[in-house]
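Working notes, beginning with the structure itself.
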Amino acid sequence: MLDTNNLIIESFQHTYRQHLDKEVNREYIVETFGEILRTTLERECKDCVEEAIETYRSFQIENFDRLITIHTGVKEVVKSLYEQGYKLAVVTSRLNESATRGLKHFDLDGYFECMIGADDTDLHKPDPTPARMALEAMGGTHEEAIMIGDSPFDVQCAQNAGIVSVAVSWSALPPEIYMVHKPDYVIDTMEELVEIIEGLNRK
């Protein structure tokens, strides 16, 4: 929904400069998209994990509003689905506070019945647990749900939970990274998501 790509990339670049005196390019960072922050930094900053996490999060807090944007059509489609009575949830690897801040920044927070973030479970995407937690909170079942995401972790999480998977083509990742997992659908616009939902309802 929200484009946090530049925020994540610049946060990592700042952190690696600060703690490793290392310059990394965009592609190197994009490869870790969807991964839990601690997992990435435990691999990259073995001797300074806690300090690196603090640096990363401080940079994000200070630069959040400047670097976050919203994808075309997201707000309109989310609002439409909500008004039609669909139950909506956010399942994210971001900390709850950060994810909530992003939703509020674009006036999206009122449309979602629940949010499962990094604070809510120790089992993260691609594990199915976060998706199942969201379904349980909403009183839904995997047979009547779809999950939309921009990373292979999203596609795998949906598949592992028995949920229809939808990948977005505007991911920062090269298509082959998530297409190898064979999502059920790939969309180029948010309007296509509506068409998929209407098609599934007719089955």
Side-chain angles (χ1 to χ4, degrees), residues 1-12 14-15 29-30 32-41 49-50 52-140 145-151 153-155 157-158 161 163 166-168 170-173 190 193:
M1 293 188 301
L2 304 183
D3 187 344
T4 57
N5 293 343
N6 289 334
L7 179 65
I8 293 169
I9 290 166
E10 291 196 26
S11 296
F12 273 121
H14 173 76
T15 301
I29 295 168
V30 165
T32 69
F33 272 19
E35 192 172 60
I36 289 293
L37 175 63
R38 180 174 290 276
T39 300
T40 306
L41 292 181
V49 176
E50 299 305 325
I53 289 174
E54 179 60 30
T55 297
Y56 179 97
R57 288 179 177 160
S58 295
F59 183 90
Q60 283 217 344
I61 289 169
E62 292 169 9
N63 295 276
F64 194 90
D65 293 347
R66 178 176 68 87
L67 292 173
I68 193 170
T69 59
I70 187 169
H71 289 292
T72 303
V74 165
K75 189 166 185 178
E76 293 80 4
V77 169
V78 166
K79 182 174 182 288
S80 174
L81 293 175
Y82 174 83
E83 290 174 346
Q84 292 176 61
Y86 289 100
K87 292 184 177 182
L88 308 176
V90 173
V91 177
T92 178
S93 299
R94 298 185 70 81
L95 290 176
N96 296 45
E97 182 181 358
S98 174
T100 300
R101 181 179 176 185
L103 294 177
K104 287 182 176 178
H105 185 70
F106 293 102
D107 297 319
L108 286 169
D109 52 310
Y111 299 118
F112 294 93
E113 187 156 328
C114 84
M115 180 177 68
I116 304 299
D119 301 314
D120 296 311
T121 176
D122 292 327
L123 297 171
H124 305 288
K125 297 181 286 187
D127 190 278
T129 298
R132 288 174 177 164
M133 289 173 68
L135 286 176
E136 184 178 354
M138 295 188 295
I146 65 173
M147 185 169 177
I148 305 97
D150 64 355
S151 82
F153 297 112
D154 295 313
V155 174
C157 178
I163 298 171
V166 180
V168 301
W170 57 85
S171 169
L173 293 164
M190 285 296 290
L193 175 62

inquiry  = When you compare the side chain of Leu108 with that of Val90, does any pair of heavy atoms fall below 4.5 Å?
reply    = no
query = Which distance, rounded to the nearest 0.5 Å, do you find between the CG of Leu2 and the OG of Ser98?
reply = 9.5 Å
message = Quick check: do Phe153 and Asp127 have side-chain heavy atoms less than 4.5 Å from each other?
response = no
ask   = Does the pair Ile148 and Val168 meet the rule for a side chain to side chain contact (heavy atoms under 4.5 Å, CB included), with working shown?
value = CA-CA 7 Å; Ile148 305 97; Val168 301; 3.7 Å; yes
key: Arg132 and Glu136 ion-paired at < 4.0 Å   = no
ask   = Between Tyr82 and Tyr111, how do the two ring planes meet: parallel, tilted or perpendicular, split at 30° and 60°?
value = perpendicular
note = Correct closest heavy-atom pair for Cys114 and Met138 would be SG-CG, 4.2 Å
query = From Met133 CE over to Met115 CE, what is the distance, rounded to the nearest 0.5 angstrom?
reply = 11.5 Å
key: Check: Val91 main-chain N/O paired with Lys125 side-chain donor or acceptor under 3.5 Å   = yes
ask   = So do the side chains of Phe64 and Leu7 get within less than 4.5 Å of each other, counting heavy atoms only?
value = yes
query = Between Thr72 and Met190, which heavy-atom pair has the shortest distance, and what is it?
reply = O-CG, 3.8 Å
Side chains of Arg101 and Ile61 in contact at under 4.5 Å (non-hydrogen atoms) = yes
ask   = Got a sec, which residues hit salt bridge (Lys or Arg N to Asp or Glu O under 4.0 Å) with Asp107, two or more places apart in sequence or on another chain?
value = Lys75
query = Of the non-hydrogen atoms in Cys157 and Ala131, which two are nearest, and what is the gap between them?
reply = SG-CB, 3.8 Å
query = Is the closest side-chain heavy-atom distance between Ile8 and Phe33 below 4.5 Å?
reply = yes
request  = Begin with the C-alpha distance, continue with both residues' side-chain angles, and end with the deciding distance and a verdict on side chain to side chain contact (heavy atoms under 4.5 Å, CB included) for Thr40 and Phe12.
outcome  = CA-CA 10 Å; Thr40 306; Phe12 273 121; 3.8 Å; yes
ask   = Hey, is the main chain of Ile29 close enough, under 3.5 Å, to the side chain of Thr32 for a donor-acceptor pair?
value = yes
query = Are Asn63 and Glu10 side-chain neighbours, meaning at least one heavy-atom pair lies under 4.5 Å?
reply = no
Side-chain heavy-atom pair Asp120, Pro130 within 4.5 angstrom cut-off = no
ask   = Within the side chain of Ser80, is there an N or O that forms a donor-acceptor pair under 3.5 Å with the backbone of Glu76?
value = no
Any side-chain heavy-atom pair of Leu95 and Leu37 under 4.5 Å = no
key: Heavy-atom closest contact (Ala118 atom, Ile36 atom, distance)   = CB-CD1, 4.3 Å
ask   = Rounded to the nearest 0.5 Å, what separation is found between the OG1 atom of Thr4 and the CD1 atom of Ile70?
value = 12.0 Å
query = Between Glu97 and Arg57, does at least one N-O distance fall below 4.0 Å, as a salt bridge requires?
reply = no
key: Verdict with reasoning, Val30 to Ile9, per side chain to side chain contact (heavy atoms under 4.5 Å, CB included)   = CA-CA 7 Å; Val30 165; Ile9 290 166; 4.1 Å; yes
inquiry  = Distance check, rounded to the nearest 0.5 Å: Ser171 atom OG versus Asp3 atom CG?
reply    = 10.0 Å
note = Between Leu41 and Thr15 the two heavy atoms that sit nearest each other are CD2-CG2, 4.5 Å
key: Spacing of Ser93 atom OG and Asp154 atom CG [to the nearest 0.5 Å]   = 7.0 Å
message = Can you tell me how far apart CG (Asn5) and OG1 (Thr69) are? Round to the nearest 0.5 Å.
response = 8.0 Å
